[in-house]
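Chain letters run A, B, ... following the sequence lines, proteins first, then strands; residues in each count from 1.
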Amino acid sequence: MHWSDVVAQRLAERGPTHIVSTGITPSGEFHIGHLREILTGDMIAKAARKAGLDVEFVFIVDSADPLRKVYSFLDDSYAQYIGHQLKQIPPPNQDGTPDMDRFAEGVSYADHFLEPFKQALEQIDVRPRFIDNYDSYASGKFSETARIACNNAANIREIIERVSGRELSEGWFPWNPIDANGSIDGIHVTGWNDPIVSWTDSEGNHGTSDVTKGEGKLPWRIDWPAKWAWIGVTMEPFGKDHGAAGGSYDTGKEIVQLFSKDAPVDLTYEWISLRGQGAMSSSSGNTIGPLEALSLVPPEILRYLVASTKPNKAIEFDTGMGLVNLADEFERTTLRDFSIEMQKEGLSRRQLVAIEDAKTALELSLISPHEETASVTFRHLAMLAQTKSRDDDVWRSLNMNEPIAQSMKDRLHRMRTWVQSQHFPEELRITILQQPNPHAIDLLDEDNMTLLPPLIQSLQACDWETASIQAAISNTAKGLEMSPRHAYRALYLCIMGTERGPRLPTILTELEQGEILKLLNACVQAKQES
RNA sequence: GGGCCUGUAGCUCAGUCAGGUAGAGCGUCGGGCUUUUAACCCGAUGGUCGCGGGUUCGAACCCCGUCGGGCCCGCCA
């Protein structure tokens with residue numbers, strides 16, 4: 001059974017109605033790691049609906065969280081906002097300085113980072129109900145839970161200290177009020193008189209905070225179960241950081257009982273890292289944003305990456321050859337006929353499960369409605385995108401007639417972007433040598449050498465267009481009673497330094513005839529001298 | 001210190017929760033397609049399932065131990 005169906009089954013055992021929740025703090029640039037959180041939730045919601053359950057999928061934007069520190073992409077002037085809630089501070093400009101103009105127009109720090117992520121979500125067909133955590137506090141959604149928490153401060157302290165094993169400070173209180181400057185750091189709670197918290201801030205100011213009006217927030221370990229309670233969350237996937245023993249899920253599980261609710265069904269997922277570069281981290285700049293990823297890859301492929309990998313498996317996102325292999329695997333999967341495969345006699349249980357999982361992973365990956373398009377592998381499209389500068393030529397080569405499906409146009413456009421990017425693997429890059437490649441010269445065999453001189457002659461004599469070039473190559477080989485294969489190998493080695501390559505005549509027509517002949521002659525000479 | 005994940009073919013992984021003769025894709029090699037779309041088709045190659053014990057008629061799978069890799073437990077998914 002596919003992992004999403006396993007979770008759906010667990011939900012079905014609990015009841016017919018569910019709210020699957022995900023959430024992210026918009027403290028910086030979103031990256032594809034965050035996509036795993038939301039895609040995991042989205043897929044579970046879909047699986048649960050398939051199982052006949054009534055499911056809502058929500059995405060909580062943790063905009064009430066404070067700015068923790070001045071991240072590397074921020075200007076030092078952000079130091080004044082440390083401890084301030086992300087919804088209450090200005091967005092950064094390109095250079096990292098606060099953009100007061102946009103802030104005046106109502107765009108907050110949180111909005112700034114959330115907006116592109118929302119666009120990415122639309123592209124990958126994830127449509128949750130968004131819940132803004134800051135607004136939720138302000139509109140009193142946390143009133144009940146906050147009051148209960150404050151009235152049970154000792155109780156909660158005991159839970160956190162016992163379960164997490166860490167010691168809370170003397171002045172700890174389950175509510176972080178906002179001080180005179182708007183910060184929730186360095187503030188001390190001095191009294192609690194339901195629903196008012198009294199406090200003293202670092203500068204010695206005194207004040208009060210009404211917990212039912214969102215004049216502050218609950219600390220994370222309480223904030224989370226409080227959200228479960230007021231929203232009615234019954235399922236939530238979360239990163240392994242929260243899943244560790246004694247982590248926030250463990251304490252939340254007990255705290256939520258105080259709110260007279262049960263903890264949601266959990267699913268801990270592993271992180272996504274960039275191949276060879278470790279975990280993704282907004283602060284180190286070691287990231288690939290969802291939009292950047294989507295500029296290279298069709299959304300189906302990103303969905304497929306998550307759908308076909310079990311949540312507890314770490315994913316290494318590889319923007320090079322790994323991506324090509326992933327995309328080609330997806331392409332092959334779309335071509336499979338699962339109903340025929342499953343009817344096959346004598347399938348072992350394992351084989352059946354493998355077929356079912358592949359089928360489900362594919363279903364979860366497709367963006368609905370799925371356009372029927374001709375199948376083209378990534379490799380092939382990569383080649384066409386490099387050798388044909390006009391889109392029309394690509395369609396002709398693929399035997400596609402107008403009107404071309406929009407999804408195909410998108411794919412080609414993405415491929416062109418990818419080819420131009422630093423991520424495109426050298427292995428697939430078509431390069432034309434300027435001078436003989438010594439390594440390739442070594443690989444030229446006797447047959448190749450026999451063919452080269454007459455090849456050069458006929459290439460010199462022929463019209464420089466595809467049909468003649470093609471005829472020249474194969475006729476030369478046949479004239480010597482050899483397979484054209486040898487002629488092509490010789491040309492690939494001389495011109496591109498590889499033993500094989502994409503259809504040569506079309507590439508040659510885009511190059512200077514004289515340059516090519518010069519290169520070929522140089523190769524023959526180099527070989528003879530060696 | 002506590003905990004989680006992970007180790008299976010050259011590579012990426014499935015199979016471990018219901019023990020029953022080692023799987024897939026890619027790669028590599030060979031052949032085909034009488035023009036080579038890095039395509040496509042056919043075939044072959046390839047693994048002491050990290051290591052050591054135990055349970056069992058039977059273990060990649062269950063139990064114990066051990067070694068290696070990654071990671072979490074200060075609000076980074």
(message) Could you tell me if A/Tyr249 and A/Glu236 have a donor-acceptor pair between their side chains, going purely by distance under 3.5 Å?
(response) no
(request) Could you work out the separation of B/C71 and B/C76 based on their C1' atoms and round it to a whole Å? (result) 14 Å
(request) Indicate yes or no: at least one non-hydrogen side-chain atom of A/Asn133 is less than 4.5 angstrom from one of A/Val61. (result) no
(message) Please give the distance between the P atoms of B/A24 and B/C64 as a whole number of Å.
(response) 33 Å
(message) Does B/C76 have OP1 or OP2 under 4.0 Å away from a side-chain N or O of A/Arg68?
(response) no
(message) Tell me if the aromatic rings of A/Trp220 and A/His242 count as close, with their centers under 6.0 Å from one another.
(response) yes
(request) Measure the distance from CD1 on A/Ile495 to P on B/A38 and round it to the nearest whole Å. (result) 14 Å
(message) Between P on B/C5 and CG on A/Leu267, what's the gap in Å once rounded to a whole number?
(response) 12 Å
(request) Using whole Å, report how far CZ of A/Phe238 lies from P of B/G3. (result) 18 Å
(message) Is the phosphate of B/C75 approached by A/Lys69 (side-chain N or O, under 4.0 Å from OP1 or OP2)?
(response) no
(request) Test A/Lys253 against A/Asp266 for salt bridge (Lys or Arg N to Asp or Glu O under 4.0 Å), laying out the working first. (result) CA-CA 10 Å; A/Lys253 202 158 55 179; A/Asp266 61 308; over 6 Å; no
(message) Under 3.5 Å for both donor-acceptor distances, Watson-Crick or wobble: does B/C29 have a partner, and if so which one?
(response) B/G43
(message) Nearest whole Å is fine: how far is B/G15 P from A/Lys313 NZ?
(response) 8 Å
(message) I'd like the P distance from B/U6 over to B/C62, given in whole Å.
(response) 11 Å
(request) Taking atom C1' in both B/U8 and B/C13, compute the distance separating them and give it to the nearest angstrom. (result) 9 Å
(request) Determine the contact category for A/Tyr492: base if any of its heavy atoms lies under 4.0 Å from a base atom, sugar-phosphate if only primed atoms, P, OP1 or OP2 are that close, otherwise nothing. (result) base
(request) Let me know the distance between CD of A/Glu316 and P of B/G69, rounded to the nearest Å. (result) 16 Å
(message) Assuming nearest nucleotide by heavy-atom distance, tell me which of A/Pro219 and A/Asp357 is located more 5' along RNA chain B.
(response) A/Asp357
(message) From CG of A/Asp42 over to P of B/A77, roughly how many Å is that when rounded to an integer?
(response) 19 Å
(request) Considering only atom C1', compute the distance from B/C75 to B/C17 and round it to an integer number of Å. (result) 33 Å
(request) Among B/U36, B/A77, B/C5, find the nucleotide with the atom closest to the side chain of A/Tyr488. (result) B/U36
(request) Look at A/Asn312 and B/C4 and indicate whether a side-chain polar atom (N or O) is within less than 4.0 Å of OP1 or OP2. (result) no
(message) Taking the C1' atom in each of B/G10 and B/G65, what is the distance between them to the nearest angstrom?
(response) 32 Å
(message) Side chain of A/Asp65, heavy atoms from C-beta onward: which of B/C75, B/A77, B/G15 has the nearest atom to it?
(response) B/C75
(request) Write down the distance between CZ (A/Phe317) and C1' (B/U12), rounded to a whole number of angstrom. (result) 15 Å
(request) Quote, to the nearest angstrom, the C1' distance that separates B/U55 from B/G68. (result) 26 Å
(request) Pick the P atom in B/G7 and in B/A14, then give their distance to the nearest Å. (result) 7 Å
(message) Heavy-atom nearest nucleotide on RNA chain B for A/Met1 versus A/Thr25: which residue maps closer to 5'?
(response) A/Met1
(request) Report the distance from atom CG of A/Asn325 to atom P of B/U12, rounded to the nearest whole Å. (result) 11 Å
(request) Ignoring hydrogens and angles, state whether a donor on the side chain of A/Thr25 or A/Asp65 is under 3.5 Å from an acceptor on the partner side chain. (result) yes
(request) Report the nucleotide, chosen from B/G74, B/G15, B/C72, that has the shortest atom-to-atom distance to any side-chain atom of A/Lys310. (result) B/G15
(request) Write down the partner of B/G1 under the Watson-Crick or G-U wobble criteria, each distance required to be under 3.5 Å. (result) B/C73
(request) Answer yes or no for A/Lys118 and A/Phe130: cation-pi contact, defined as NZ/CZ to six-membered ring centre under 6.0 Å and angle to ring axis within 45°. (result) yes
